[in-house]
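Given the structure is predicted, the values throughout are model-derived calculations rather than measurements.
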Amino acid sequence: MNKNTGCPAPEEAGIPTMSLADYGERRWPAAMHGLEELTMSPYRAGWRLRVVPSIGHVRVRDVTRRVVNRALHCWIADECGLSTVKNSLAVLVRVLEQAVRDGVLDANPARVAGWQQEYQRAQSERAAPRALALPDEQALERLATALVQRSSDGYEGWGDIVRFAAWTGTRFSEVSALQAQDIDMSTWTWQVQRLTVSGPGGLDDRACRGRHHRVVPLRPAARELAAARLEAARHTPVARLFTGPHRRRFTAAVLRDTTRWDDVVAELGHEHLRRQDLRHTGLTWMADAGLPLPLLCGAAGRPPQEARGYLPPDRPVRPAERPGESPVSSAPARTTGGGRTAFRRPPAG
């Protein structure tokens, strides 16, 4: 009997090998004992919408501080609100505290400090995203080459994945889910409509929602990376263009661990560069190349007031780009032709 809750502790031998999602469901009443219903509502949402999709597949005894930090960084990168992150972390703390009481864990790895500073840093990024971009193409090439050299498997594909993510201003999860049918070669645009996520059964693809569903123009360097893959997959529309070493889905966490990302970026003088920061590189370079603000908004999945942060300081402001004036369109308009989706630019203002 658990002295603190009056709920019997589980005796089944399989409890330590349960996934976090299964353990949380089994011990939910004990973990949430004493909470008011008003608090329970956001806790349930945090558990169901963030904790379980992020790390619910991890065995409860394998949940470490590092695993929790990864989940936190993902929630912050997905631009969850401060209260949302707080509630998601709080419910995770309670479930893992129950695991400590049950003897499954020695200490609670979810009791982390300093994540508020990470959250504030993410907020600052949205105000000055250009500061997080790589300086030039040579810096990107050095990064991609070094990551392959330091990787445990020597897989050249890691370098191409990094290059493509940087040139398109997208996330690794979106690159992993990219299929041949998502790219329109007549206009060289990519309709980003799914991303790879970790689920209870392993890695899976999930449809993008809201602003994450967007259209990204492919610049020449990105076209070169995709062209040969598209040719090889011309008879297989659902073929993945970028995969891990075993032709499977991959995650940003796998890429980071395999290539020793943290060590490499520090050695190259880019200590500030996190994996998701490559999207700032791509969007900054698009803006420097003169991509109109309406198309930049579409590629970034952001409103004009945020997308303007990618514009170079010396770029003259066009009438349609002035504050208070919405762009003609936040993404290229869709037309149909030739049996597949085509895209056209909004009319010049």
Side-chain angles (χ1 to χ4, degrees), residues 70 77 132-185 188-190 192 194-198 202-205 216-286:
R70 282 181 189 169
L132 299 172
L134 289 172
D136 50 42
E137 299 174 33
Q138 291 72 29
L140 173 60
E141 189 58 33
R142 285 193 295 270
L143 173 63
T145 301
L147 290 170
V148 172
Q149 291 173 346
R150 295 291 293 275
S151 65
S152 59
D153 50 23
Y155 178 53
E156 292 288 342
W158 294 130
D160 286 345
I161 289 167
V162 168
R163 294 181 184 97
F164 193 78
W167 278 111
T168 56
T170 54
R171 298 171 175 84
F172 289 131
S173 58
E174 295 165 339
V175 176
S176 172
L178 169 61
Q179 297 177 1
Q181 63 185 350
D182 300 334
I183 292 182
D184 184 347
M185 295 178 65
W188 283 112
T189 51
W190 167 18
V192 181
R194 70 186 70 82
L195 68 163
T196 297
V197 298
S198 297
L203 298 183
D204 198 4
D205 291 342
V216 175
L218 301 186
R219 299 185 61 200
R223 298 176 194 177
E224 291 177 12
L225 286 171
R229 292 173 168 84
L230 287 168
E231 177 62 22
R234 65 185 183 280
H235 299 306
T236 313
V238 297
R240 294 179 185 278
L241 298 192
F242 297 91
T243 63
H246 302 295
R247 302 193 63 80
R248 298 174 182 170
R249 299 176 178 92
F250 61 89
T251 64
V254 169
L255 186 148
R256 180 190 66 180
D257 295 343
T258 303
T259 62
R260 301 182 65 182
W261 174 282
D262 295 336
D263 294 338
V264 169
V265 295
E267 292 168 5
L268 293 177
H270 306 307
E271 294 88 349
H272 67 283
L273 190 69
R274 299 170 304 172
R275 301 174 308 287
Q276 62 265 30
D277 287 343
L278 287 179
R279 59 196 171 96
H280 298 306
T281 294
L283 294 168
T284 296
W285 290 358
M286 289 180 197

Counterpart residues, side-chain hydrogen bond (donor to acceptor under 3.5 Å, both in side chains), relative to [X] (two or more places apart):
| X | result |
| --- | --- |
| Gln138 | none |
| Ser173 | none |
| Arg194 | Asp182 |
| Arg247 | none |

Original post:
Listed by chain and number, what are the ring-ring contact (aromatic ring centres under 6.0 Å, His included) partners of Trp190, not counting sequence neighbours?
Top reply: Phe164
Subject >> Partner residues of Trp285 under the ring-ring contact (aromatic ring centres under 6.0 Å, His included) criterion, sequence neighbours left out >> reply: Trp167
With [X] via side chain to side chain contact (heavy atoms under 4.5 Å, CB included) - residues at least two apart:
| X | answer |
| --- | --- |
| Val254 | Trp158, Thr251, Thr258 |
| Pro237 | Gln181 |
| Pro135 | Ala139, His270 |
| Gln149 | Thr145 |

Is there a side-chain contact between [X] and [Y] in this structure, where contact means two heavy atoms from C-beta onward sitting under 4.5 Å apart?
| X | Y | value |
| --- | --- | --- |
| Phe250 | Val175 | yes |
| Leu278 | Val162 | yes |
| Thr243 | Arg248 | no |
| Thr281 | Leu140 | no |
| Ile183 | Leu178 | yes |

Distance check, rounded to the nearest 0.5 Å: [X] atom [atom1] versus [Y] atom [atom2]?
| X | Y | atom1 | atom2 | result |
| --- | --- | --- | --- | --- |
| Glu267 | Arg260 | CD | CZ | 7.5 Å |
| Thr236 | Leu230 | OG1 | CG | 11.5 Å |
| Thr168 | Leu218 | OG1 | CG | 7.0 Å |

Original post:
Tell me the side chain to side chain donor-acceptor pair (under 3.5 Å) pairs involving residues 219-230, sequence neighbours left out?
Top reply: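 Residue pairs passing side chain to side chain donor-acceptor pair (under 3.5 Å), neighbours aside: Asp160-Arg229.
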Subject >> Check: Arg240 side chain, Ser176 main-chain N or O, donor-acceptor pair, under 3.5 Å >> reply: yes
Subject >> All pairs passing salt bridge (Lys or Arg N to Asp or Glu O under 4.0 Å) where residues 136-145 contributes a residue, at least two apart >> reply: Glu141-Arg163
